Colleague: 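Got a structure for you, written out below as structure tokens; questions coming shortly.
None of the values given here were measured: they were computed from a predicted structure.
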Amino acid sequence: MHRETLEVCDANTQGGALLGRSRSLSVVNGRLAMAQKGAIERLRVALRDLDATPQAHAIELDGDHAVMRLEPMAGSEMVSVLVITQSPETHIWADTGSVFGLTPAEDRLVRQLVDGYNIDEVAERLKISVETARTHVRRAYLKIGVSSREQLFAALSPFRLPA
């Protein structure tokens, strides 16, 4: 996207599909358009304030929340834009089990916690008892070196990528 004109220069397959089906985000006459009132002006301000460091910009996307990762392209007025939705079904996980020494059961469980499920939901989804799930959580916390769900999320989030 061109920083000043919001001209969309190129979109990968997933980006093109998103722009084609979204009610909130589209391309009109070659330029990015946003349905939410004031959203395009907030994006313009974010782009104007963008320096060499990538930034995150919150947007509403078809009634849900999403994040735009804005990154200037060196030597031009172009900006790379990555739209990240918050749905757990749209993530790919790196091999966190080998990084932290987790068993496959611990790894599956903590990923689902980071994806937003509570311990009861995870136990039901994995078809294990809640007490077994809690045991896996305690062991995983020790291996990862965290003591709260917030710390777990901070430790594992870098290994969760949008699909």
Side-chain angles (χ1 to χ4, degrees), residues 1 8 10-26 32 34-39 42-43 46-47 49-73 79-163:
M1 179 173 65
V8 176
D10 190 22
N12 66 8
T13 305
Q14 290 175 324
L18 173 66
L19 290 169
R21 73 174 182 270
S22 175
R23 296 179 316 276
S24 302
L25 198 61
S26 61
L32 187 68
M34 299 173 81
Q36 186 184 22
K37 186 174 182 166
R42 287 190 301 275
L43 177 59
L47 289 169
D49 295 341
L50 189 62
D51 57 17
T53 308
Q55 302 291 319
H57 179 72
I59 63 169
E60 183 181 314
L61 186 61
D62 300 328
D64 225 347
H65 296 288
V67 175
M68 277 185 162
R69 183 180 193 274
L70 307 171
E71 183 171 359
M73 298 178 75
V79 176
S80 170
V81 178
L82 172 66
V83 177
I84 304 167
T85 62
Q86 301 302 308
S87 171
E89 289 77 28
T90 61
H91 292 99
I92 298 172
W93 281 91
D95 186 13
T96 52
S98 67
V99 172
F100 296 107
L102 302 174
T103 66
E106 292 165 348
D107 194 33
R108 281 190 302 273
L109 191 138
V110 295
R111 287 178 185 194
Q112 289 192 29
L113 290 175
V114 172
D115 281 341
Y117 297 100
N118 67 41
I119 196 76
D120 295 326
E121 293 168 326
V122 173
E124 184 178 320
R125 290 170 61 95
L126 296 178
K127 297 180 178 23
I128 60 175
S129 72
V130 173
E131 192 52 45
T132 298
R134 287 189 178 121
T135 299
H136 287 316
V137 169
R138 280 192 299 275
R139 290 180 181 160
Y141 274 31
L142 286 172
K143 292 176 182 179
I144 297 168
V146 298
S147 59
S148 69
R149 190 160 177 171
E150 291 80 14
Q151 290 174 343
L152 176 71
F153 189 84
L156 292 183
S157 289
F159 298 94
R160 186 176 81 158
L161 305 172

Colleague: Checking Q151 now: which residues fulfil side chain to side chain contact (heavy atoms under 4.5 Å, CB included) with it, not counting sequence neighbours?
Modeller: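 Side chain to side chain contact (heavy atoms under 4.5 Å, CB included) check on Q151 returns V146, S147, S148.
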Colleague: Test of understanding: with side chain to side chain contact (heavy atoms under 4.5 Å, CB included), list the residues that count as partners of D10, not counting sequence neighbours.
Modeller: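 Not a single residue meets the side chain to side chain contact (heavy atoms under 4.5 Å, CB included) criterion with D10.
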Colleague: Run the side chain to side chain contact (heavy atoms under 4.5 Å, CB included) test against T103 and tell me which residues pass, sequence neighbours left out.
Modeller: A105, E106, K143
Colleague: Kindly write out the residues that satisfy salt bridge (charged side-chain N to carboxylate O under 4.0 Å, His left out) with E131, not counting sequence neighbours, or none if the list is empty.
Modeller: R138
Colleague: Would you please name every residue forming a side-chain hydrogen bond (donor to acceptor under 3.5 Å, both in side chains) with E60, sequence neighbours left out?
Modeller: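 Partners of E60 under the side-chain hydrogen bond (donor to acceptor under 3.5 Å, both in side chains) test: Q36.
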Colleague: Considering residues at least two apart in sequence or located in another chain, which fulfil the ring-ring contact (aromatic ring centres under 6.0 Å, His included) criterion with F100?
Modeller: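 Checked F100 against ring-ring contact (aromatic ring centres under 6.0 Å, His included); matches are F159.
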Colleague: Of all residues at least two apart in sequence or in a different chain, which pass the side chain to side chain contact (heavy atoms under 4.5 Å, CB included) check with T13?
Modeller: none
Colleague: With sequence neighbours excluded, tell me which residues meet salt bridge (charged side-chain N to carboxylate O under 4.0 Å, His left out) with R69.
Modeller: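 Salt bridge (charged side-chain N to carboxylate O under 4.0 Å, His left out) list for R69, sorted by chain: E71.
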Colleague: Over all heavy atoms of both residues, which pair between L156 and T96 is shortest? Give the atoms and the distance, please.
Modeller: CD2-CG2, 4.0 Å
Colleague: For F153, what residues pass the ring-ring contact (aromatic ring centres under 6.0 Å, His included) criterion, not counting sequence neighbours?
Modeller: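 Scan of F153 (ring-ring contact (aromatic ring centres under 6.0 Å, His included), adjacent residues dropped) gives none.
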Colleague: So, using side-chain hydrogen bond (donor to acceptor under 3.5 Å, both in side chains) as the criterion, who are the partners of D95 when residues are at least two apart?
Modeller: S98
Colleague: Sequence neighbours left out, what passes side-chain hydrogen bond (donor to acceptor under 3.5 Å, both in side chains) with D62? Give chain and number order.
Modeller: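 Per chain and number, D62 pairs via side-chain hydrogen bond (donor to acceptor under 3.5 Å, both in side chains) with S22, S24.
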Colleague: Could you list the residues that satisfy salt bridge (charged side-chain N to carboxylate O under 4.0 Å, His left out) with R111, not counting sequence neighbours?
Modeller: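 Scan of R111 (salt bridge (charged side-chain N to carboxylate O under 4.0 Å, His left out), adjacent residues dropped) gives D107.
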